[in-house]
Amino acid sequence: QEVRDKHKQYLLPAVANFYQEPTVLDQGRGMHVTDLDGNKYLDFFGGILTVSVGHCDPRITEAIKTQTDRLGHVSSLYPTVSVVEVAERLARITPGRLQKSILQASGTEADDTAVVLAQVYTGAMEIIALRHGYSGRGTLSQSLTAHSTWRAVPSQVAGIKHAMNAYCYRCPLGLEYPSCKVKCATDVEELILTTTTGKPAAFLAEPIQGVGGFVTPPPEYFKIVVDIVRKYGGVFICDEVQTGFGRTGGKMFGIEHWGVEPDIMTMAKGIANGMPLAATIATPEIADAFQKLTISTFGGNPISCAAANATMQIIEDLSLIHI
C-alpha cells in the first residue's frame, strides 16, 4: 500500500495502473511474476507484449551482465559491435529489401522516424493511418493515433488522414466479408482523391491492431491498399512494434502473413525482452535519401543491443515463431 500511495503522490495521474489496488510486482521468472506479498501470477500479458522469451531469461541476463562489465553507454555517434550485429540481423530476418536501420529507445521514436523517412524520400507530407490505430505518445504519434482515449490534445500535425480499417467484426460500412469485396480497402483511393493533395507520403498501419482490439484484416486487404498508395507515389510503413518477433505465430513479423513487403518497418517491445530498444528499418534507397544529421543519445545502447541479440538468437534457435 505504501508503494501505491507514493505512486499516486509522485507520478502523473495519467500514468494509470491496472486495477483499483494495483499489483506491485517484485520479481519475474519465465512466464510468472511475483508481487511484494509473495503472490505468484501467470503473466498472460507478456510484460505488455515485450517479454519475448520469458522474464529474466538467464541467457539474456548473462549477456546484459557481460556487456555491463565492458561498456554501458555509447550514443549513436560511435559504432559498436553490438549495434552492428543488431542491424545486420534485422536486415537478414525482415521481409523483402529492408536493409538499413536506425536504433532508438521506444516505439514512438521509431514511428516518428519512419514518417520523416517517408516524407524525405517522397517529397510529400501527407500520411494515411488507420482508425483505431495506435502509434505512440509524441506529438506526431498522437496525431497518427486514432483513439480519443489516448489523445490528450487535438491533432497537432497537419496532413494526417485516417482511413477505415478492416474491422470485419464491426464493419464501419455495415457489410459482411467476403461479399463486401473489401470496400474498406478500395475506399483508400477515394480518401486520397478527396482528402489529400493526391500525393501521400505513406500509408502507416499495424498488421494486427493491438490497442484497437486485435483487429485482423482479411487476406486481400494489405495488397489492395499498398498497391493504391504506391500508385499515388506513397510508401508503406509497417508498424511491427507489437506484432514483431513471432508475436503473431508462424512468422517473424506480422505482415508476412499477408505477403506484402514494406518499404519501411518499425519495431520495439519484443526486440530486447524488455530492455529499451526500438528500430526503424528501410530499403536502401529510402534510407539513403535521409542526408541530414540525426542522433540518438540512447538509441543503440550497448546493453540493450546485447539483450536484443541474445533475444533474437533464442527465438531463432528454439524456433519460437512456430510454436
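Since we're looking at a predicted model, the values are computed, not measured.
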side-chain contact (heavy atoms from CB on, under 4.5 Å) against Leu175, all qualifying residues, sequence neighbours excluded: Cys171, Leu173, Cys180, Lys183
N/O donor-acceptor pair under 3.5 Å between Gln119 side chain and Met125 backbone: yes
Test item: Arg4 side-chain N/O and Pro22 main-chain N/O as donor-acceptor pair under 3.5 Å: yes
Check: Ser82/Gln67 side-chain N/O donor and acceptor closer than 3.5 Å: no
Salt bridge flag under 4.0 Å for residues Asp227 and Lys223: yes
Heavy-atom donor-acceptor pair, Ser52 side chain to Asn273 backbone, under 3.5 Å: no
Straight-line distance of Thr248 OG1 to Gln242 CD, nearest 0.5 Å: 12.0 Å
Expected output: side-chain Glu240 to main-chain Cys238 donor-acceptor under 3.5 Å: no
Check: Arg137 main-chain N/O paired with Gln142 side-chain donor or acceptor under 3.5 Å: yes
Single hit among Leu144, Ile192, Leu204 for side chain to side chain contact (heavy atoms under 4.5 Å, CB included) with Ile128: Ile192
Pair Gln313-Asn309, side-chain donor/acceptor within less than 3.5 Å: no
Any donor-acceptor N/O pair, Asp112 side chain to Leu140 backbone, under 3.5 Å: no
Charged N-O contact under 4.0 Å between Lys6 and Glu2: yes
Backbone N/O of Gly249 and side chain of His257: donor-acceptor pair under 3.5 Å: yes
Gln9, CD atom: more than 12 neighbouring heavy atoms under 6.0 Å: yes
Side-chain donor/acceptor of Asp263 to backbone N/O of Ala282, under 3.5 Å: no
Intermediate values then yes/no, salt bridge (Lys or Arg N to Asp or Glu O under 4.0 Å), Arg89 and Glu85: CA-CA 6 Å; Arg89 190 186 296 269; Glu85 286 180 345; over 6 Å; no
All side-chain hydrogen bond (donor to acceptor under 3.5 Å, both in side chains) counterparts of Asp111, not counting sequence neighbours: Thr266
Whether Ser143 side chain and Gln156 backbone form a donor-acceptor pair below 3.5 Å: yes
Sub-4.5 Å side-chain heavy-atom contact between Glu189 and Tyr232: yes
Flag for Thr243-Glu206: side-chain donor and acceptor within less than 3.5 Å: no
Ala310: partners by side-chain contact (heavy atoms from CB on, under 4.5 Å), with sequence neighbours left out: Ile60, Ala63
